[in-house]
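What follows is a single structure, written as structure tokens, with notes after it.
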2 protein chains.
Amino acid sequence: MGASKTNLFTKKQNELAAMAKAIAHPARIAILQELIKTDACICGDLVSDIGLAQPTISQHLKELKLAGIIQGTVEGARVCYCINPKIWQKYRQFFSEFFVAAGDSAKEGCC
Amino acid sequence: MGASKTNLFTKKQNELAAMAKAIAHPARIAILQELIKTDACICGDLVSDIGLAQPTISQHLKELKLAGIIQGTVEGARVCYCINPKIWQKYRQFFSEFFVAAGDSAKEGCC
DNA sequence: ATAATTAATCGTAATATTGCAATAATATAA
DNA sequence: TTATATTATTGCAATATTACGATTAATTAT
């Protein structure tokens, strides 16, 4: 079928999965790291830094924007992208929570 | 084309992306949470708890196992799955590192 | 041995993702 | 205006993912 049965899961499970999906591509990881490193970034710079075609980068930026994790503002002919700090912190917290959850029970490994 | 150009990215970027991909599905999140909650779990229990067909669950388990985040041991006719604590901690650390990185620079939001 | 239980694998259909050439849209420069 | 620069969108091909019925493999119960 190719489509997840989202109705079987809780809102939080779907949300966390969607967050993970947003960063589940090395290009998107690279974009985010570049935005962090340079604090803000023109789309064209990302195209030259990462070796993918401009439409491909544009598409990844669109996905990251859709996930809320970045924001872009038009600056003349260019677009400046940067991290959305609020959503970033939300990601940070969600993932942290998720991984902390197993902290106690998974210490030994059962099988 | 449908295949990531992994050669353009660092080993760590690819690794983190692969980790994110491993948990980028609500069923796999649900499986992991169930394994944490019950400490260990028979495959069949996951099938009844989550509403997906047995082959589908089996496939998700295979992916999680491939990613190293869970392990399974045969117990007679059943298979007992549980978190692999070592890899779990690695995930925890990788994601933590990644999200901490932006802590300072992304405080304000640039655009 | 036969039946029942449990999980993995195979095969396949439906859908999603990745990547890019070509094009469009928008803004700036000449 | 016309040309140039920058980014978004469209359309398409290649590949990957998700889901499950049917089957297989392995173990346990009768």
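When reading the values below, keep in mind they use all heavy atoms of this one structure, side chains included, and skip hydrogens, waters and symmetry mates. Reminder, nothing fancy here: chain letters follow the sequence lines and each chain counts from 1.
DNA chain C is contacted by both B/Leu61 and A/Ala24; B/Leu61 maps to the nucleotide lying nearer its 5′ end (nearest heavy atom per residue). In terms of position on DNA chain D, the residue among A/Asp45 and A/Lys21 whose nearest nucleotide sits closer to the 5' end is A/Asp45.
Here C/dT9 presents its P atom at 15 Å from CD1 of B/Ile57, a figure rounded to the nearest Å. Separating the CD1 atom of B/Ile50 from the C1' atom of D/dC20 is a distance of 16 Å, rounded to the nearest angstrom. Regarding B/Leu46, its CG atom lies at a distance of 9 Å from the P atom of C/dA7, rounded to whole Å. Taking atom CD on B/Glu75 and atom P on C/dA8, their separation rounds to 13 Å, with Å as the unit. Atoms CD (B/Glu63) and C1' (D/dT18) sit 9 Å apart, rounded to a whole Å. Atom P of nucleotide D/dT17 and atom NZ of B/Lys62 are separated by 12 Å, given to the nearest angstrom. Rounded to an integer number of Å, the gap from CG of B/Asn14 to P of C/dT18 is 13 Å. Distance CG (B/Leu66) to C1' (C/dA8): 15 Å, rounded to an integer number of Å.
In the set C/dA7, D/dT7, D/dT18, C/dA7 carries the atom at the smallest distance from any side-chain atom of B/Ile42.
In this view, A/Lys5 satisfies the salt bridge (charged side-chain N to carboxylate O under 4.0 Å, His left out) rule with no residue, not counting sequence neighbours. Not counting sequence neighbours, A/Ser58 has no partner by the side chain to side chain donor-acceptor pair (under 3.5 Å) test.
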Sequence neighbours left out, cut at 3.5 Å: what donor-acceptor pairs do the side chains of residues 8-16 of chain A make with other protein atoms?
unit_1  : atom_1 : unit_2  : atom_2 : d
A/Thr10 : OG1    : A/Gln13 : N      : 3.0
A/Thr10 : OG1    : A/Gln13 : OE1    : 3.4
A/Gln13 : OE1    : A/Thr10 : N      : 3.0
A/Gln13 : NE2    : B/Gln33 : OE1    : 2.7
A/Asn14 : ND2    : A/Thr6  : O      : 2.9
A/Asn14 : ND2    : A/Thr10 : O      : 3.3
A/Glu15 : OE2    : A/Lys90 : NZ     : 2.7

Throw together a table of side-chain donor-acceptor distances under 3.5 angstrom for residues 43-57 of chain A, partners on residues two or more places apart or in other chains.
unit_1  : atom_1 : unit_2  : atom_2 : d
A/Ser48 : OG     : A/Gly44 : O      : 2.9
A/Ser48 : OG     : A/Asp45 : O      : 3.4

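For C/dT6, neither phosphate oxygen OP1 nor OP2 lies less than 4.0 angstrom from any side-chain nitrogen or oxygen of B/Tyr81. A close approach under 4.0 Å does not occur between any side-chain nitrogen or oxygen of B/Arg78 and OP1 or OP2 of D/dA26.
The shortest side-chain heavy-atom distance between A/Phe98 and B/Ile29 falls under the 4.5 Å cut-off.
Sorted by first and then second residue, the salt bridge (Lys or Arg N to Asp or Glu O under 4.0 Å) pairs involving residues 60-69 of chain B (not counting sequence neighbours) are B/Arg28-B/Glu63.
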Problem set entry | Summary of protein contacts for nucleotides 19-26 of chain C, nucleotide by nucleotide, where a base hit scores B, a sugar-phosphate-only hit scores S (4.0 Å, heavy atoms) | BBBB----

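With 3.5 Å as the limit, one finds a donor-acceptor pair spanning the side chains of B/Gln93 and B/Glu97.
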